[in-house]
Every structure is written in structure tokens, then in C-alpha cells.
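Here the structure is laid out as C-alpha cells; the discussion comes afterwards.
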Amino acid sequence: MAQKPEIEDLSGDKYKYGFTTDIETESAPKGLNEDIIRLISKKKNEPDWLLERRLKAYNHWLTMVEPSWAKLAYEKVNYQDLFYYAAPKQKVKPKSLDEVDPELLKTYDKLGIPLKEQEVLSGVAVDAVFDSVSVATTYRTKLKEKGIIFCSISEAVKEHSDLVQKYLGSVVPYTDNFFACLNSAVFTDGSFVYIPKGVRCPMELSTYFRINAQNTGQFERTLIIADEESYVSYLEGCTAPQRDENQLHAAIVEIVILKDAEVKYSTVQNWYPGDKEGKGGVYNFVTKRAACRGDNAKVSWTQVETGSAVTWKYPSCILQGNNSSGEFYSVAITNNFQQADTGTKMIHIGKNTTSRIISKGISAGHSNQTYRGLVKVSKGAVNSRNYSQCDSLLIGSTCGSHTVPYIENENRTAVLEHEATTSKISEEQLFYCLQRGLSEEQAVGLIVNGFCKEVMQKLPMEFAIEAAKLINISLEGSVG
Amino acid sequence: MTNKPILEIRNLYAGVDDKEIIKNFNLTIHEGEVHAIMGPNGAGKSTLSHVLTGKPGYKILKGDVLFNNKNLLELSADERACEGLFLIMQYPVEIPGVSFMTFLKYALNAKRKYIGQSELDTMSFMKLVKNEAEKLGISQEMLKRAVNVGFSGGEKKRMETLQMALLKPSLAILDEADSGLDIDALKVVSGGIRGLLDGKRSLLIITHHQDLLEYIEPDFVHVFADGHIIKTGDKNLALELEAKGYTDFIKEAKC
Ligand SMILES: Nc1ncnc2c1ncn2[C@@H]1O[C@H](COP(=O)(O)OP(=O)(O)O)[C@@H](O)[C@H]1O
Ligand SMILES: [Mg+2]
């Protein structure tokens, strides 16, 4: 008898995660109070101004309520039951890749990640930590020549205190939202980038980052400053499954873009999504925002989100400068019991500001996905334009997909366009591919990649190839 | 023409849900033969092509199908394709965002992998496609476009023929391959298909009128009604059928 694969069957998925770590941590006691915050600040040798900010944020946070407007159902976090400070101290590292979970290695192979990088990613204690140090040093020297600063935020707090003090919290104030406020009180580390006036960053800030981004922690804080006429393309994350025991992630990314400068920020997020039954998995509550402060400033967010159990994320653009522009390109894939409420905010303030939103959502299994986007045009934003396109692709009939566009327009000269579609992978499409010899997995991967093409094209080349494979992998096993 | 059978359908019963559409169907196709199955609308011709190529949604109730001596019904749709069974679709489906070039590469490499050959490198692949495309009057620009998106009926069939040329099936089934084609397109497509006949490759042409058969001459013509073949003849049978019309012909045949 011929096999009769049902479309329903596309929904099951097996995550190629299977990683246990032996990290012994030097932890502060559980719970959150002023003393814990003082401890974090002290451990990190921070200046007083930062401690004061942290305490202010903490006291404000106490007055806030966790938001519930998103279309997300999850068991609320008990914030007093978390560790807020844990210095990772790895005791037993795998000695070679032979000791690493073969499933994880298989995924690395499928993604085409070179052996050396696999070692670093899986935490192998290579002595010559594959020259990750020397590679990093090479990069650093090159960047330094141009006056570019790229370091951890902790380091920046000490070495570039003036810049940090001026810009940290200037795009996302601690009062912004519940999770951002918590982050402002307890953030542990993250990255800092400064591109000086007139400098074009000669490389994607990526390879470097990936190699070094092992323990980013649960309250990550990133600050990027693009001075006038500068340019940088920044890549966050990694297509390889991120090992992580932390359930809650509440990161902040702030980007400041001055006159005539441009920033491209790309993310690939593949954190543990929980198991097939929806147990476990990361809660990802991120606040990402870019402010185009000067005229002609440009920002573009590109994201490929395949991981996490719960995602709450709206990378936004504040278009203050005249002629400034913001773009948001997003692919979000949810499977099994994953939930994602994601989108963007485009705030038009300056004259002739333009924004573009392309969102592609793919839902499978019992997952639930919402696109939530705000386009706001203020009174002074003469001749502003927005184009939004939100497409959803459903795999199977047990998943949900929703589109919630908000438009607030206070200026009659603005031109706002919105398009939305919902479609399914059809049996006809699948059969056509199969009839030409493609396996079902290949067929689904190809169809989904085609659906996301517009967004994938925005990713830097090296990332795009891996991300395309990641899409296949995250839908893999979901067939047949 | 050799005497080696490629496809042997024996006593086949198949349908959808509770509905039996194919009943006691028998047919043997040998290497190099061109067969035509003609029948009225709704007779079950497309059902037959789908059952043979493994499209989901059909029930096989009884019978055997051997393809190159393998039990065809045990293979999945993609395995059947890789074994050398090709279906020129009546309505080739659109796949937005996936260029024909990419699609062809996936298809060709899937087949190569299946038969134990290594994947073609990009250069040789491009050369191969370019060569075959030229013969069918397919431009480079068409190859860059998304699979069947915005293609005319004729262009779609031309692209189907190109895929057939690249995948070199041992048996190709044409389901109403001429529908939606004007005379010029019909000539190009049938010419393309004829060009692929090398004395070993076989064709099963499914159609409800005989236009296409003027361009690709069949060795056998079968009349399909009531779920099976009620009469077999040569190409003259097609003409007779066309002259009498299905209703009368079937009535006569039953007497
Ligand atoms: N999926 C289906 N569900 C129900 N009936 C079907 C289905 N597919 C085909 N049929 C029925 O089976 C019969 C044969 O259809 P088809 O094979 O398309 O005929 P033909 O190609 O000869 O015109 C028709 O009566 C048609 O309505
Ligand atoms: Mg038909």
C-alpha cells in the first residue's frame, strides 16, 4: 500500500537538543531585593551611578504589573524563586567532540558549522581554544584601528563610562515596561558597540560575536551607538541550538543612530522551545528598540525566530530625524506548543520618515502565533510612509495564527499601506514536489523557505545560508 | 521496442473514501511503447494517474502494480518518482519564492542520490539545464522565476517537459497534457516529448480527445469506462471514438 502522509502529521517535531551541562555556579541566594542588586553591582565592580540606576529601576519595578495583553498563555514566573547572580564556573568540560551529544553534533553538521566552531559552541575545553582568542584579537586590532569599540557592556561601563552613562537607558528607559525595568535592575552582561563618526565598520560584527557568545546570561543588555555618517551590521545569536537552563530571558537591546548613520541588526534565535508536549522551554521577553536621532538615519531589524517556548518581542524604530527610515523583516516559526507574540512598532516623528514591515509567520503543531504591530504617525511627521505586509503560513489545522495591526495616524499627509494574507501548505504543492523526487522534509523546507524569501534575502550572506538550513531543521521530523 | 514490461497493472481496484473509481483495471506497458488511455470526463483517468504516482488521499482496495519489477504500491510518492515514474500534471502547481533553478536542482539531486550518484556541482548543473532549456525554447529568465508562478498554460507544460528531459523517467504519464495549449504550444511540447522517446522510454498518454495523439502517435489506444479498459486498438480506435462520441461508442462496445 502506498504511504498516505497526512498534512496533520507535519506537526510533530523533535528538537535536536539534548544537552546537559555540568556547570557549578557561584550563586547569590534566590530572590530579588536591594541587597542582591548591591551584590551584583559589587561583584561587577560598578561605579555608583550605575548602582543608583539599578536601585531606582528595582523600586519602580516593584510598582509594576506583568503585562497580560499579549496572546500568550504561560505559567507566570515566580520572580522570588530565581537566581539573579550566578557566575558560571565550568567544572567538567567535554574533552573532545567525542564526548558531546551526537544529536547536537548532527545538528551542527546539518547547519554546516565548521569543526572548530563546533568545539567552541559545545563547550569543549580546547586548550588552544581554537585560537578563538587570537581570532578575537585580530578582529579587535582591526576594529581598534578604525576607532570602533566592541566589548562587553561590563567592560564598557568601566572603560567608556561617558558613552554608557549618556546613552544607556536613553532609548529604553527603565520605566518602559515590566521586563525592561527588571532588566535595568539586574542585567548582568551583554555587548557594547560604538562606531565613530564617518566610519564604516569593515566587517559584520558576527563571527567574532558567535564565537564569544557562550554565556550571555538571562538578562542581557546590548547598547549600540552609530555616530554620524557611520555604518555597522550586527548579527546576534546563532543558528545552533542554544543550551540554556534559564527559563526566563528578559533582554534589552538599545540602538542609537545619529545623523546619516545606518545600522543593520540581524537576529537568529534558536533557544530551547520545550518538548513535544510543551514542557519546559525558554520564555523570551525582549525589548529591542532603535532611535534614529538624526536626519537621514536608517535602521533595519531582521529576525529569524525559531526557538523559545514563549516569545514576546517587538523590535521597534523611533524615527525622530527627518527622512529617517526604519525596516522590520521577520520570520517566526512556531511548532508543537510554542507561542509567539511578535511584531514591531514604527513611530514616525520626523518629516518624510519611511518605514517598511515584512512579517512572515509559520505555525505548525499546536502552536500559536500573533503578529502585533503598531504604526504611529505623530502630528509633525509630514509626508510619512509605511508599508506593512504580514503573511501567515499554516501547517496542519491545530495551530493558530493572528494578525493585530494597530494604526495611529495624526497626520493627514501620511500614506499607510497594509496587506495581510493567510495560507496553508497545500497537498497539491507537497505532491508536486514529491512527484519530482523530493522527500517530504525537503518539500516542506523548500516551500517554507520560498515563503520567507523576502526576509531571508535581507540577512547577510553567511547567516542566510545557515538560517535557511535552520528553517528546514526546525520543521524536520514534523513530517510523516 | 523490446519485450520487457515496464508497468504491469493487474486486477486493480482503487477509489476515494467509499467510492470505487478504478475497478478491475488491467494494463501492461513494455519498454518503448506509447499507450493512450481515452475516456469521458469523470471516468477516473486522473484517479488512475494519481494512484500510480502515489498521491495521498486514495485507497487501494485490491490488485498489484509492478513497475520495473518492483511492487509500486509499496513505494512512497518520492520513491516512485526516483524509480523513474514521471507525471506531467494537468495543472502544475505554483511554489512562490522558489526559483525553477533551485527546484530543478533539488529534483535532479534527489534522483541522483537515489540511484547512488553524487550531486552535480553547480557548473555542470547549470550547463545541463541550459542545454535542455534551449531545445524547448525556455529562456534563462524563465528559469529564474518562481516555480509556475505567473506562467501561461503553455509555459507551464514546457517547464514540465524540461523536468522530464532532466529526470529522464522510464515511464511518463501525461494527464491531459494538452489542456490549455494553443496549437503552437502543443507542437513545441509534443515535439519535446517525442524527442525524449529513445525506444526504451515509455509513455502513457491520458486524454479525453485525440488532438495530442496526432502529434505523438500511440502504439495502443485503450478506451476507459466503468473503471477499466473496455476496448483496445491502434491509433484508428481514437479516430473512431472521436467520430462516434463516447456515449455511443461505449454503448456499442458493451453489446
Ligand atoms: N478526491 C475525490 N473525492 C471524491 N470524488 C472524487 C475525488 N477525486 C475524483 N473523484 C471522482 O471520481 C471520478 C473520477 O474522477 P477523475 O479521475 O478526475 O476523472 P477523469 O480524470 O477521467 O475526468 C469523478 O466522478 C470524480 O468526481
Ligand atoms: Mg482528469
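Naming: A, B, ... by sequence-line order, numbering from 1 per chain.
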Next item on the list: State, to 0.1 Å, how close A/S439 and B/D78 come at their nearest heavy-atom pair, and which atoms those are.
Entry: CA-OD2, 3.4 Å
Checklist line | Most chain A-contacting option - heavy-atom pairs closer than 4.5 Å, from B/P169, B/A146, B/P96 | finding: B/P96
Next item on the list: Could you look at A/C452 and say if it's the side chain, the backbone, both or neither that has a heavy atom under 4.5 Å from chain B?
Entry: neither
Checklist line | Minimum-distance pair of heavy atoms, taken over all atoms of B/A81 and A/G437 | finding: CB-N, 3.5 Å
Note to self: What part of B/T102 gets within 4.5 angstrom of chain A, counting heavy atoms only: side chain, backbone, both, or neither?
What the structure shows: side chain
Next item on the list: Report, as yes or no, whether the 6.0 Å neighbourhood of atom NZ on A/K313 holds more than 12 heavy atoms from other residues, nucleotides or ligands.
Entry: yes
Note to self: Other residues, nucleotides and ligands only: do more than 12 of their heavy atoms fall within 6.0 Å of NZ on A/K264?
What the structure shows: no
Notebook entry, point to check: Do you know which two heavy atoms are closest between B/L87 and A/Q435, and how far apart they sit?
Noted result: N-OE1, 3.0 Å
Margin query: Are there over 12 heavy-atom neighbours, none belonging to B/R112, within less than 6.0 Å of that residue's CZ?
Written below: yes
Next item on the list: Hey, could you give me the CG/CD distance between B/N109 and A/Q442, rounded to the nearest 0.5 Å?
Entry: 9.0 Å
Item checked: Proximity breakdown for B/V147 and chain A, heavy-atom pairs closer than 4.5 Å -> side chain
Check: Under the side chain to side chain contact (heavy atoms under 4.5 Å, CB included) criterion, do A/I447 and B/V98 qualify, and how do the steps go?
Finding: CA-CA 7 Å; A/I447 294 166; B/V98 178; 5.9 Å; no
Check: Are B/P56 and A/L434 side-chain neighbours, meaning at least one heavy-atom pair lies under 4.5 Å?
Finding: no
Next item on the list: Check whether B/E94 gets within reach of chain A through its side chain, its backbone, both or neither, counting any heavy atom under 4.5 Å.
Entry: backbone
Next item on the list: Return yes when atom CG of B/N69 has more than 12 non-hydrogen atoms of other residues, nucleotides or ligands closer than 6.0 Å, and no otherwise.
Entry: no
Checklist line | B/F103 and A/Y432 aromatic ring geometry - parallel, tilted or perpendicular at 30°/60° bounds | finding: parallel
Notebook entry, point to check: Is the count of non-hydrogen atoms from other residues, nucleotides or ligands lying under 6.0 Å from B/M126 atom CE greater than 12?
Noted result: no
Margin query: If you define the side chain from C-beta out and look only at heavy atoms, does anything of B/T53 sit under 4.5 Å from A/F431?
Written below: yes
Checklist line | Side chain / backbone / both / neither for A/F451 at chain B, heavy atoms under 4.5 Å | finding: backbone
